[in-house]
2 protein chains.
Amino acid sequence: MAAGTRLETHIRAAGFKLTPPRRAVLSVFGKDEHLSPEEIFRRARKSHPRLGRATVYRTLELLTDLGIMRPIYLHGGRPVFTRIEGGHHHLVCSRCDKITELAGDGLAETIKRLAKRNHFEIRSQLLEVYGVCAKCRKRK
Amino acid sequence: MAAGTRLETHIRAAGFKLTPPRRAVLSVFGKDEHLSPEEIFRRARKSHPRLGRATVYRTLELLTDLGIMRPIYLHGGRPVFTRIEGGHHHLVCSRCDKITELAGDGLAETIKRLAKRNHFEIRSQLLEVYGVCAKCRKRK
DNA sequence: CTTGGTGCAAAATGTTTGCATCATA
DNA sequence: TATGATGCAAACATTTTGCACCAAG
C-alpha cells in the first residue's frame, strides 16, 4: 500500500501522531476513490472495530487541513472525500447520475493560466458540468 | 423586477401555482446572488411574514427541478442557491474564504467544446478552484 | 511522562415529512 | 370548488462537542 504509506509519512511530518484509527481511515482510500464519511466509517471499522464516527470526522478534517484530501459535494449535498491531487473534472448526468471524468485536453492548463493571471495559488481544481449524458439523450 | 416576473411566468407555464410564498422567495434573488436557505428565509419573510422554512426548501426544490436555480456547495457543505444560467467559475481562497468570479476568457467555451466531444448536453457549469488568493499570499 | 488522540453519548444543526387548513386557478 | 400549496411541529440525518480515559512520541 504505497499510497497509504506516503500519506502516513505526511501526517507524521506535520507533527501529528500516527494512530491505529488514523491508519484505518487512510487505508480505505484507493486512488480516485470517492467515499462518504459513513462509507469510510463502515470500511475502516473492519480493520479497527473500536473506531467511532467522531474520529472519522476528525480525521477527515485533519486530512483536509493538511491538503491531502478534499470533500466534493455532488448528489444532494452530502460530501464524498477524495485525494486532492489531480484535477477533478466531472460531467454529471442529472438523469442517471453517472459521473464521467473529463480528462486532460488542456483544461487544467487553461485554468492554471487564468488563476495565475489573478495571482491565485491553486491547490485543487473541481469542475462539475451538469447536464444530460450521451446515453440519456438518445434514450429521450 | 423583470427577472422576477420572468421566473414567475416560468412557474405558471410549468403548471404550478403562483402563490405569495413563492413570489416572496423569488423576489429575493438578484442576479449572481448566492444565498443559503436560511438567508432566503430571512429575507423573504420581510415581504411575507407568515412564510415557513419548509416552504422555502420546497420552493427551492421546485425551482431546481424546473432548471431555474441550482445549489452550489462551497463552505462546509452547506448549499447556496443561485440562478442557473451562466457559468459559475470561482476562485475560492481557503484562508479568507473570499470568492472571486473567474470571468470569461474562453473558459466556458473550452468546457462547452469538451462536453460536446462527449456528446454531453450542458445545463450548468460549476468550477471551483481552491487555493490561496493574492492578498493572503502577500500576507503570508 | 506529556500531550494530543479516542470513544462514547449528548447536543447542535440542517432538512424532510405528516397533517389539518387555506387559496389559486 | 378541487387540488395543490402552506405552516407548524415533530421526525430525521448528519455532524460537532464535552469529557474521562488512553497511548504515541
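A note on names: the letters A, B, ... follow the listed sequences, proteins ahead of strands, and every chain is numbered from 1. The model shown is predicted, which means the values in this text are computed figures rather than measured ones.
Listed nucleotides: C:dG7, C:dT15, D:dT6. Nearest to the side chain of A:R50: C:dG7. Counting only heavy atoms from C-beta on, B:P21 has its side chain closest to D:dT6 among D:dG25, C:dA25, D:dT6. Distance from the side chain of A:A54 is smallest for C:dA9 among the nucleotides D:dG25, D:dT15, C:dA9.
Per the geometry, CZ belonging to B:R42 stands 12 Å off P belonging to C:dG14, to the nearest Å. One interatomic measurement links the two molecules: CD of A:E39 to C1' of D:dT15, which rounds to 18 Å at whole-angstrom precision. Note: CZ (B:F41) to P (C:dT13) measures 16 Å, nearest angstrom. For the pair A:L18 CG and D:dA24 P, the computed distance is 10 Å after rounding to whole Å. One atom, CG of A:L26, and another, C1' of C:dG5, lie 14 Å apart when rounded to the nearest Å. Rounding to whole angstrom units, OH of residue B:Y73 and P of D:dT15 are separated by 12 Å. A:L62 places its CG atom 14 Å from the P atom of D:dT16, with the value rounded to the nearest Å. At whole-Å resolution of the value, CZ in B:F16 and C1' in D:dT3 are 13 Å apart.
Looking at which nucleotide of DNA chain D each of B:R58 and A:R53 is closest to, the 5′-most match is held by B:R58. With the nearest nucleotide of DNA chain C identified for both A:P20 and B:R78, A:P20 has the one nearer the 5' end.
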Working for salt bridge (Lys or Arg N to Asp or Glu O under 4.0 Å), residues A:E39 and A:R42: CA-CA 5 Å; A:E39 181 64 20; A:R42 287 220 316 265; 2.9 Å; yes

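No engagement by A:P49 is indicated, since no non-hydrogen atom pair under 4.0 Å with the nucleic acid exists.
Distances shown here put a side-chain N or O of A:H48 below 4.0 Å from the OP1 or OP2 atom of C:dG7. Between D:dG25 and A:R12, a contact under 4.0 Å exists linking OP1 or OP2 to a side-chain N or O. Applying the 4.0 Å criterion to OP1 and OP2 of D:dT6, one finds that B:T19 has a side-chain N or O inside that range. Phosphate contact (OP1/OP2 of C:dT15, side-chain N/O of B:Y57, threshold under 4.0 Å): present. For D:dT6, the OP1/OP2 oxygens have a side-chain nitrogen or oxygen of B:R22 closer than 4.0 Å.
In this structure, A:T59 OG1 and A:F81 CZ are separated by 10.5 Å, a value rounded to the nearest 0.5 Å.
Within the 4.5 Å cutoff, the side chain of B:L63 has heavy atoms near those of the B:I11 side chain. Annotation: side chain of B:H90 is not in contact with side chain of B:T100 (no heavy-atom distance under 4.5 Å).
Side-chain contact of A:E101 with A:H89: a donor-acceptor pair under 3.5 Å is absent, judged by distance alone.
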